[in-house]
2 protein chains.
Amino acid sequence: MPEALFRHFEKYIRLSAALRAELTARILFRSFKKGELIHHASYICTHSYFIQRGLVRVYFLKDEKEISEYFSCEEEWVNSPKSFIQQQQDIYFIDALEDTDTWVLEVHDLVYLFDHFPEMERYARLSMGTVFGHYMERITSMRFTTAREKYVHFCRTYEDIYHRIPLGMIASYLGITQETLSRIRAER
Amino acid sequence: MPEALFRHFEKYIRLSAALRAELTARILFRSFKKGELIHHASYICTHSYFIQRGLVRVYFLKDEKEISEYFSCEEEWVNSPKSFIQQQQDIYFIDALEDTDTWVLEVHDLVYLFDHFPEMERYARLSMGTVFGHYMERITSMRFTTAREKYVHFCRTYEDIYHRIPLGMIASYLGITQETLSRIRAER
DNA sequence: CGGAAGATTTGATCTATATCAAAAACTACC
DNA sequence: GGTAGTTTTTGATATAGATCAAATCTTCCG
């Protein structure tokens, strides 16, 4: 039973027994091992993953290199946003940085829930607001001029997970080289 | 009658006569002259503006300077997002870069509409998806390494409005100096 | 229409960070 | 538990773009 997921929903809406039952019927549990690929960019993203335990990375390739787009951890949904919403291909890969347990919902099940439970629409609107906040924060951080400012802001924003992410992935997230980030960390 | 606004809604949902009437009753028309301030950061943002004609800038102050956050034009809603959604202060100012005509909705009227018209929830969810796309695009663009790449991407993304925005404001949007942007423009 | 304020361009340095290269420190798996 | 592979650190240079300064070019209002 996806208790953690129910608790997450109830931050935004009251879950009726009927909705609870439909969710339970349509959601699947799935685990990923550290390093395992969750979504490959050559496919359309048809599943959304609610992370119960673990840490994942959304990234894309530029000049053969993996560039981190963002990181998601416990109590968050992760998918390839544009691909999932518009059901078209996009550039993002998703992999697990730690052993990760998820609850998985297929896009057509989600559509069914939207069509039959108006409160799901409200949930989506409100929780999107939260995600929105993250994006604004991200944009803010990107405009910090110096590499040090960016890194300090990153550590403040991801206080709970920054020490679980390899240095090189943080560097690509911040748009700086790993050498520079290493030097920044060294000085203190 | 806010015909342009109705058309916008109908991209996402069918507007019932009842919802149409409520919208009409609650929305106000307001014009702003070029250079006029639409929202000041010292206030909580209680209104959302649907732009019928014109161009506005959302910006904030850093070290006395105005930094452009983004630009909005025809057929888009503009407000100070976090301030409007969470009804708390935030750093953003909004002003008109051209003479601008808007339809204005107060936050408590919007809440009323959400509470009485479930299709408004759906509208919000779907249209937020669009805005989301813009943000993703924005983040992508910010990670382009060179100033030239950023500018080229900006021109492609804002093809219809980039020539309506002063150079200095574009530079601050891109996080580069106006001297650098001027030099980039010169070479061709 | 003319002049002042603002916006853009041009020029001459300076510096933070990229790049290239190699050593050192981890990690993990057979 | 040792060794191959990965990740991080350290070092030496190169460079894009910042900064400072001043000259033009626009705009707009009295």
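All chains are named by letter (A, B, ...) in the order of the sequence lines, taking the proteins before the strands, and each is independently numbered beginning at 1.
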query: C:dT10 P sits how many Å from B:I184 CD1, rounded?
result: 14 Å

- request: Fit a plane to each ring of B:Y59 and B:F93, take the angle between them on a 0 to 90° scale, and name the class: parallel (under 30°), tilted (30 to 60°) or perpendicular (over 60°).
  value: parallel

query: Picking from D:dG17, C:dT9, C:dT17, which would you name as closest to the side chain of B:T146?
result: D:dG17

- request: Using whole Å, report how far NZ of B:K33 lies from P of D:dC29.
  value: 11 Å

task: Using a strict 4.0 Å threshold on nitrogen-to-oxygen distance, state whether B:K82 and A:E137 make a salt bridge.
output: no

message: If we check side chain to side chain donor-acceptor pair (under 3.5 Å) with A:D101, which of these qualifies: A:Q52, A:R30, A:R53?
response: A:R53

query: Can you tell me how far C1' of C:dT17 sits from CG of A:L174, to the nearest Å?
result: 14 Å

A:E98 CD - C:dA28 P separation (whole Å): 12 Å

query: Within this structure, what is the CG-to-C1' distance between A:L167 and C:dC26, rounded to whole angstrom?
result: 13 Å

task: When you get a sec, tell me which of D:dG17, D:dT8, C:dT9 is the closest nucleotide to the side chain of A:P166?
output: D:dT8

- line: Per atom distances to the B:I176 side chain, the nearest of D:dA18, D:dT8, C:dT17 is D:dA18

query: Any side-chain N or O of A:T177 under 4.0 Å from OP1/OP2 of C:dA18?
result: yes

query: Do the ring planes of A:H116 and A:Y112 sit parallel (below 30°), tilted (30 to 60°) or perpendicular (above 60°)?
result: parallel

message: Without decimals, in angstroms, what is the distance between A:D63 CG and C:dA18 P?
response: 15 Å

message: In this structure, how many angstroms lie between the P atom of C:dA18 and the CZ atom of A:R148, rounded?
response: 12 Å

- request: Specify the separation, in whole Å, of atom NE2 of A:H163 and atom C1' of C:dC26.
  value: 18 Å

- prompt: When we call it a touch if two heavy atoms are under 4.0 Å apart, what does A:L181 touch: a base, just sugar-phosphate, or nothing?
  reply: nothing

- request: Let me know, please, whether A:E179 or B:S182 comes out on the 5' side of the other along DNA chain C by nearest nucleotide.
  value: B:S182

message: With nearest nucleotide decided by heavy atoms, which residue, B:R183 or B:K34, maps closer to the 5′ end of DNA chain D?
response: B:R183

query: Does a nitrogen or oxygen in the side chain of A:T180 sit under 4.0 Å from OP1 or OP2 of C:dA18?
result: yes

message: Hydrophobic cluster membership, with links at side-chain heavy-atom distances under 4.5 Å among I/L/V/M/F/W/Y: are A:L105 and A:F29 in one?
response: yes

